[in-house]
Structure formats: C-alpha cells, structure tokens
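Sequence positions, counted from 1, serve as the residue numbers for this chain.
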Amino acid sequence: MSLDVRESVPLAPLTTLGVGGPARFYAEAADEAAVVEAFRFAEARGVPLFVLGGGSNLLVADRGVDALVLRVRVRGIEPVRGPVGAVDHDAAGGPAPRFLVRAGAGEGWDDLVARAVAEGWAGVECLSGIPGDVGATPIQNVGAYGQEVAETIAEVCAVDRATGATAVIAGADCGFGYRDSRFKRAWRGRYVITAVTFALRPGGAATVRYPELQRALSAPAGGPAPPLDEVRRAVIALRRGKSMVLDPADENGRSAGSFFMNPTLEAGAAAGAIARIEAAGVLAPGEAIPRYPADGGRVKLSAAWLIERAGFAKGTRHGAAGISTRHTLALVNRGGATAAELLELARRVRRGVLDRFGVALTPEPDLVGFAPGETDDLVGGAHEDDLSG
C-alpha cells in the first residue's frame, strides 16, 4: 500500500496546545512497510522526517515544520507470551508473575492503561489519564504518581532509519532516567518506534507510593493496596483537579502538560540552591523546601514550587498564553495563542527562576520548527529542533 502524503497540513489541531503552523508534508503509517516508505520519501525530497505522536508533548513553531511529519498509526494490544521475568505479589500477597503485553505505537496511551486496569494487569495504573500515544512513552520515560514506564517496558520494537531494518531493543538497554532515555540522547534520530512490549502483573497489587495519591486513597504506606480501578479513578481525579486531562470545557485544557521538568541536581549544587532559596526570604515560617532523593545521590527539587516562589502565580498571562490557574507547571493556550507567546512566557519563567535561585529549568515538550538558536535560551544551547528525532 503506497504512502498517502499530503502537503501543507495544519499541525495545531493535532497537538494538545493547539498552536503552530503547517507541516510541509504529512503522512500516516499503519505498518512498518509504510514507515520505511516514509524514509524513502523524505530522502528523495531532501527534507527531514519528524515523527508525531499524540501531540501532547510538543510546541510547534508558528511558521510550521519544513519536513515530512509522520504519524505512526500501528495498532493493537495483545498478550504475546508469559509468564516471564521476576515474580511480584498480587493484591492478596500471593505470587503474581509478570507477563508480556505488546501495544502498537499508535495506540492511545490511556486506552492501554484502561485495558490493563480492566484486565487486572498491574504496573501502569498510576499513569492513568496521560494523553499521547504508546510509542512516545519510552522516549520520554513517561511517569507520574510514583510510576514510570521504565519499570514495565520489556522491549521496544523500532525501525532503524539508516537501514530500514526492524530492531528489537530490550528495556534494560534503553538507558532510562528521569524523563529521559537513549531515544532522546544517543539514539535521537536513529529509530522510529512501532510497538512497545510491557511486562505487567496479572492479579498484581497496585503501586501506591506517592504521598499525594496515598492521601487521596486514604492508603497509608505499608498498608494493603487498593484495587486497580480505584487507583485509576483517584489518579484521574487528581489530574483533573490540576487540568492535566484533556477536557475541551476546561479553560486550562489546551496545554502540553508540565512544561518544565523538576530539576535534578548533584548534591553540592542542590546545597547551593537550597542556601540561595533560604536567603531569598521566600519561605513561610516553618515551611520546608520540597526536595526528594534521586538516583546517584542527587536531589530533585519541585519546579512548580520554584516557579511560584520566583513570583509567577497561577493564572499569570502573556497575551493569549498563560500559566494554568490550577497548576503552575502547565503553560496554556487561552484561545488564539501563538507559539511565540508561549515561548516568551516560558523564557520569562525560566529566567525568573534562574535569576532568583540560580536553578535552570529544562522544558519538557519538544520544540519543533524553530530556527537554529531561537530556543537556545530555553534549552541551554542544545538545539531542540532536531527533526530526525
């Protein structure tokens, strides 16, 4: 089946922020053969290839994207074999062997989570309500409320752009870190993900280790785990309370989720940042600076807390762009916003936190279609508009 390539396709309707210009070329691939055909088309036209997922972690430039924008639509959710791997414990404390579930990259992420919860497959219940496609989750190592996909990804199936060959990559080889993976770094531009296989736990206990979720469920640490569907409902309610679910009726609904990642600092740098925060006079009497242990002895700070203490309140506006009225980490399109307005608001926030506390925030969404150097002040000099990624 030949690839149906269209020209000048608007991208704003394909993103959750709802901003940005058109794609020079646009196509959808329902299988690996179509992905390979897209490689050939882009090479023949001399344009880059950009893979578009669910559009939930993306800011597209107002000028659009001079590339072939490819939406991978490989579908299907099915158990592939099992049991495998480590044995965990079910809700009653008995053994719950992991088994494998393969999902096409074009499946909606929350559709997979809903299926897993309905089937009693534990391992992704705390990731409920997150927009986007399955294929994007390994790239970002999507995480929320105490879970990350790195905990359950067994393997990633992808097409190598250089050869057109299929690669099956073990989850252990993906180099997962906080909102990070080799697909974002060393392998950026090398692979197009077509499917992801997850090691889930049929009959397994829910993961309830995030304090906010524990409070919502009245589930103390060390106590019995609530049912998976109860955890899913609680997570979605928490996300909805922060306007972090897609809802056309929500004034904060047009966003890319968290716009900045929580900064993770080496111990010495964290100590310096904490000292600057304490000296800045922003702490209420008895207030503690939110901080959490991270891998390698590092310390994770709360980006939302830093933004608020730097003087950026919920509801702050810049033109038609603004900070969510419910969650300081979300930058939103109030209606008719431009990418330029959102970018300038992000600059102001980042600069304010850096000037006040000496902590550099890193954007979480991909910034696509911008000219070289246009976003350097947001991403620390690394040019994020790498259309091969």
Side-chain angles (χ1 to χ4, degrees), residues 32 53-54 72 74-130 132-159 166-184 187 191-210 213 225-232 235 295:
E32 289 188 356
V72 177
V74 179
R75 306 304 293 269
I77 300 173
E78 57 182 356
V80 291
R81 68 181 186 272
V84 299
V87 173
D88 296 278
H89 294 88
D90 64 17
R98 291 175 182 260
F99 80 125
L100 300 183
V101 178
R102 179 186 173 97
E107 288 287 345
W109 170 253
D110 196 51
D111 294 336
L112 172 61
V113 177
R115 168 80 182 275
V117 169
E119 297 280 1
W121 303 335
V124 292
E125 59 281 348
C126 297
L127 305 178
S128 293
I130 297 175
D133 289 351
V134 166
T137 60
I139 299 171
Q140 188 76 2
N141 185 19
V142 166
Y145 295 103
Q147 277 184 335
E148 293 179 332
V149 293
E151 299 170 36
T152 51
I153 288 178
E155 60 186 29
V156 176
C157 186
V159 181
T166 299
V168 179
I169 304 163
D173 295 331
C174 292
F176 291 124
Y178 171 64
R179 303 298 179 269
D180 198 15
S181 73
R182 288 198 173 106
F183 297 107
K184 285 183 71 173
W187 294 342
Y191 296 111
V192 172
I193 295 171
T194 56
V196 184
T197 301
F198 298 87
L200 302 179
R201 306 186 310 277
T207 300
V208 183
R209 55 187 175 224
Y210 194 78
L213 182 57
L228 297 182
D229 59 348
E230 186 177 338
V231 173
R232 174 172 166 79
V235 168
D295 293 341

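E151 places no side-chain N or O within 3.5 Å of a backbone atom of G123 that could act as its donor or acceptor partner. S181 contributes a side-chain N or O that, together with a main-chain N or O of I139, makes up a donor-acceptor pair within less than 3.5 Å. A donor-acceptor distance shorter than 3.5 angstrom exists from the side chain of T194 to the backbone of C157, with no hydrogens or angles considered. Of the possible donor and acceptor atoms, none in the side chain of R232 sits under 3.5 Å from a partner among the backbone N and O of S128. With R102 contributing its side chain and G76 its backbone, the two residues share no donor-acceptor pair below 3.5 Å. Of the possible donor and acceptor atoms, none in the side chain of R115 sits under 3.5 Å from a partner among the backbone N and O of E119.
The shortest non-hydrogen separation linking I130 to V142 is CD1-CG1, 3.6 Å. For P138 against I193, the heavy-atom pair with the smallest separation is CG-CD1, 4.2 Å. A122 approaches G204 most closely through the heavy-atom pair CB-O, 3.5 Å. The two residues A206 and P226 have their closest heavy-atom pair at CB-O, 3.6 Å. Shown here for C126 and L213, the closest heavy-atom pair between the two residues is SG-CD2, 3.7 Å.
The closest side-chain heavy-atom distance from V231 to L228 is not below 4.5 Å. Within the 4.5 Å cutoff, the side chain of T197 has heavy atoms near those of the V80 side chain. A heavy-atom distance below 4.5 Å is not found between the side chains of E230 and V208. Between T152 and L200, the closest side-chain pair of non-hydrogen atoms falls below 4.5 Å. A 4.5 Å side-chain heavy-atom check between E148 and N141 finds at least one atom pair inside the cut-off.
With V101 as reference, I77 is the one residue of V196, V124, I77 to meet the side-chain contact (heavy atoms from CB on, under 4.5 Å) rule.
Distance check, rounded to the nearest 0.5 Å: NZ of K184 to CZ of R179 gives 9.5 Å. Distance check: D173 CG to E155 CD gives 11.0 Å after rounding to the nearest 0.5 Å. Note: D295 CG to F176 CZ = 13.5 Å, rounded to the nearest 0.5 Å. Here D111 contributes atom CG and D133 contributes atom CG; the two are 9.5 Å apart, rounded to the nearest 0.5 Å.
Sorted by first and then second residue, the pairs that involve residues 108-128 and meet ring-ring contact (aromatic ring centres under 6.0 Å, His included), not counting sequence neighbours, are F99-W121, W109-F198.
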